[in-house]
Amino acid sequence: MTYPIVEIEKLGLPQPQGIIHVGANNGCEFDSYKRVNPEIVLYIEPIPRIYEELKNRISNTVNHFALQYLCSDIDHEDVVFNVASNNGLSSSFLPLGRHEEIYPDIQYVDSFTVQTRTVDSLLRELFPHIPENKFQLLVIDTQGCDLKVLGGCHRLLRNGLKYVAVEISEEPLYEGGCTHEQITEFLKLYGFRMKNMFIHSAGWGEAFYVKQRKLAIFKSFGNNSDSNKICWHNLALHKPCQQSSYYQFFTPGLVTKQSAVNGIKNGQFSFHTEKEVNPWWQVDLEKCYELKEIKIYNRLNSCSERARTLRVLLSSDGGNWEEIYANDEGSIFGGVDNNPLIIPIDGKVARYVRLQLNEENYLHLDEVEVYGR
């Protein structure tokens, strides 16, 4: 994919000092990257045989590194990765879905179990001496998993990244994949705007994004005087989550407990428990914060009424809980229809936020935002 380097040139923008390519295959872009003389390039590829080809291709070039990992939105999740028959180009941990209808000659011919890693964690663990703002171009080509990879790049997207080039589709090619609208909405949270998009006749293609402004993941509270406004950030974004159980009919890897804090709201469920007494889901903000407001987006495509006994609890240690909200009236709230449940908290301090039903039922919601400072 020479596309990102060419696009940067066409727009008259500075070439990146550092490049990260997730889903690099055997390094077809090596010559394109080498031509602009970056200070460091990371190529990430999970398939062992293709990783060896990649490593051999770049081995004689200083500061070009091959890494054998599978990237996603959470660390250390065991998934089955499927290897495709076209030299691995269509490989994914998602089922083929529509891809199989459009390209019937391409099939999965092998598979192996591997643990996922986030890009943020790999940079922190493998390259702690390199500042994150050194990496300015992120290229993602991961066959339907592109949004999951972006979900593991929170720190990178915030700190210095200028360009994102990603494979896109009008409709998901892989079962559980994403659309270009979902990727665009996600990147808007970090100030990125689409500058170019190309879609093939089969409905998939590439898009290029450039950062244009500061983050849009906070709200301002206070009067109209700028000097009196306080910025309350969405502290739940990409934070670790837990839930009481997992719905047995899920396809592993398609929907995770983490999906409810990935910044994407689409009216569908992002997590789903089994039917049980008092099912719960919770997010760990990773340290105590002064909280201002919780905003909860309900599932709208079906079964919205299952959240009618929702309770919200806070804790500083994960053991002692304080109930701050109970839907005693059994009202049904909305979500992306501009009618989410908004719970004011007024300065309570907590690390954990738990959502729990007060009955035997399934718990499933779209998105949860926790604003604080």
Side-chain angles (χ1 to χ4, degrees), residues 1 4 18-30 33 40-59 64-97 99-100 103 106-127 135 137-154 156 164-169 172-178 183 204 206 251-256 258-259 262:
M1 182 193 293
I19 301 171
I20 301 174
H21 191 137
V22 183
N25 199 262
N26 61 8
C28 297
E29 297 78 10
F30 169 64
Y33 296 158
I40 183 170
V41 183
L42 308 182
Y43 306 81
I44 304 175
E45 170 58 41
I47 303 174
R49 176 182 60 82
I50 296 177
Y51 165 76
E52 291 299 325
E53 295 178 16
L54 168 65
K55 189 167 63 172
N56 290 335
R57 171 173 273 178
I58 70 171
S59 60
H64 285 238
F65 300 94
L67 309 174
Q68 188 181 347
Y69 293 97
L70 175 66
C71 290
S72 187
D73 56 347
I74 56 176
D75 283 306
H76 308 302
E77 180 183 25
D78 290 325
V79 301
V80 176
F81 189 81
N82 305 294
V83 181
S85 56
N86 56 344
N87 197 37
L89 290 171
S90 298
S91 302
S92 177
F93 63 78
L94 301 178
L96 281 171
H99 190 287
E100 193 169 21
Y103 302 104
I106 300 175
Q107 298 291 325
Y108 288 151
V109 294
D110 196 6
S111 65
F112 59 94
T113 300
V114 61
Q115 280 199 342
T116 59
R117 297 304 310 272
T118 65
V119 173
D120 282 344
S121 293
L122 292 179
L123 293 181
R124 187 168 57 249
E125 295 172 13
L126 302 180
F127 300 92
F135 297 100
L137 169 62
L138 173 65
V139 182
I140 304 176
D141 187 0
T142 53
Q143 312 309 310
C145 304
D146 313 276
L147 194 56
K148 285 184 172 291
V149 174
L150 284 169
C153 299
H154 177 61
L156 183 65
V164 175
V166 59
E167 190 173 76
I168 58 167
S169 61
L173 284 181
Y174 293 77
E175 184 181 333
C178 59
I183 289 176
W204 61 272
E206 299 161 349
T251 301
L254 298 191
V255 178
T256 72
Q258 200 92 355
S259 300
N262 64 6

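When reading the values below, keep in mind they use all heavy atoms of this one structure, side chains included, and skip hydrogens, waters and symmetry mates. Remember, it's a predicted structure, so these values are computed and weren't measured experimentally.
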Partners passing side-chain contact (heavy atoms from CB on, under 4.5 Å) against [X] (at least two apart in sequence or in another chain):
| X | answer |
| --- | --- |
| S59 | none |
| R57 | N26, C28, F30 |
| V109 | S85 |
| C145 | S92, F93, L94, T142 |

Are [X] and [Y] side-chain neighbours, meaning at least one heavy-atom pair lies under 4.5 Å?
| X | Y | value |
| --- | --- | --- |
| V79 | S72 | no |
| N25 | N87 | yes |
| V41 | I58 | no |
| V149 | L138 | no |
| I168 | D146 | no |
| P4 | V139 | yes |
| L122 | L42 | no |
| P95 | Y108 | no |

Hey, what do you get for [atom1] ([X]) to [atom2] ([Y]), rounding to the nearest 0.5 Å?
| X | Y | atom1 | atom2 | answer |
| --- | --- | --- | --- | --- |
| L173 | E100 | CG | CD | 12.5 Å |
| L96 | E175 | CG | CD | 9.5 Å |
| K148 | C153 | NZ | SG | 13.5 Å |
| N86 | I106 | CG | CD1 | 4.0 Å |
| Y33 | L137 | OH | CG | 6.0 Å |
| I44 | L70 | CD1 | CG | 10.0 Å |

request  = Start with the C-alpha distance between V119 and L123, add both sets of side-chain angles, then the distance that settles side chain to side chain contact (heavy atoms under 4.5 Å, CB included), and finish with yes or no.
outcome  = CA-CA 6 Å; V119 173; L123 293 181; 4.2 Å; yes

message = Could you work out, with ring pair (Phe, Tyr, Trp, His ring centres under 6.0 Å) as the rule, every residue matching F135, not counting sequence neighbours?
response =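 Expected list: none.
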
Where is the tightest heavy-atom contact between [X] and [Y], given as atom of each residue plus distance?
| X | Y | answer |
| --- | --- | --- |
| Y174 | S90 | OH-O, 3.0 Å |
| S91 | A84 | OG-N, 2.9 Å |
| L147 | C178 | CB-SG, 3.7 Å |

Handout entry: salt bridge (Lys or Arg N to Asp or Glu O under 4.0 Å) partners for R124, two or more places apart
Key =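 R124: no salt bridge (Lys or Arg N to Asp or Glu O under 4.0 Å) contacts found.
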
Checking the side chain of [X] only, and the main-chain atoms of [Y] only, is there a donor and an acceptor separated by less than 3.5 Å?
| X | Y | answer |
| --- | --- | --- |
| D120 | H154 | yes |
| Y69 | V22 | no |
| Q143 | L89 | yes |
| S111 | V80 | no |
| D141 | A24 | no |
| T118 | D75 | no |

query = When you look at L126 and L67, which way does the side chain to side chain contact (heavy atoms under 4.5 Å, CB included) test go after all the steps?
reply = CA-CA 10 Å; L126 302 180; L67 309 174; 4.3 Å; yes

field: Plane angle bin for W204 and Y103 - parallel if under 30°, tilted between 30 and 60°, otherwise perpendicular
entry: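 Plane angle over 60°, so perpendicular.
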
For R49, is there an ion pair with E52 - N to carboxylate O distance below 4.0 angstrom?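 No, no charged N to carboxylate O under 4.0 Å.
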
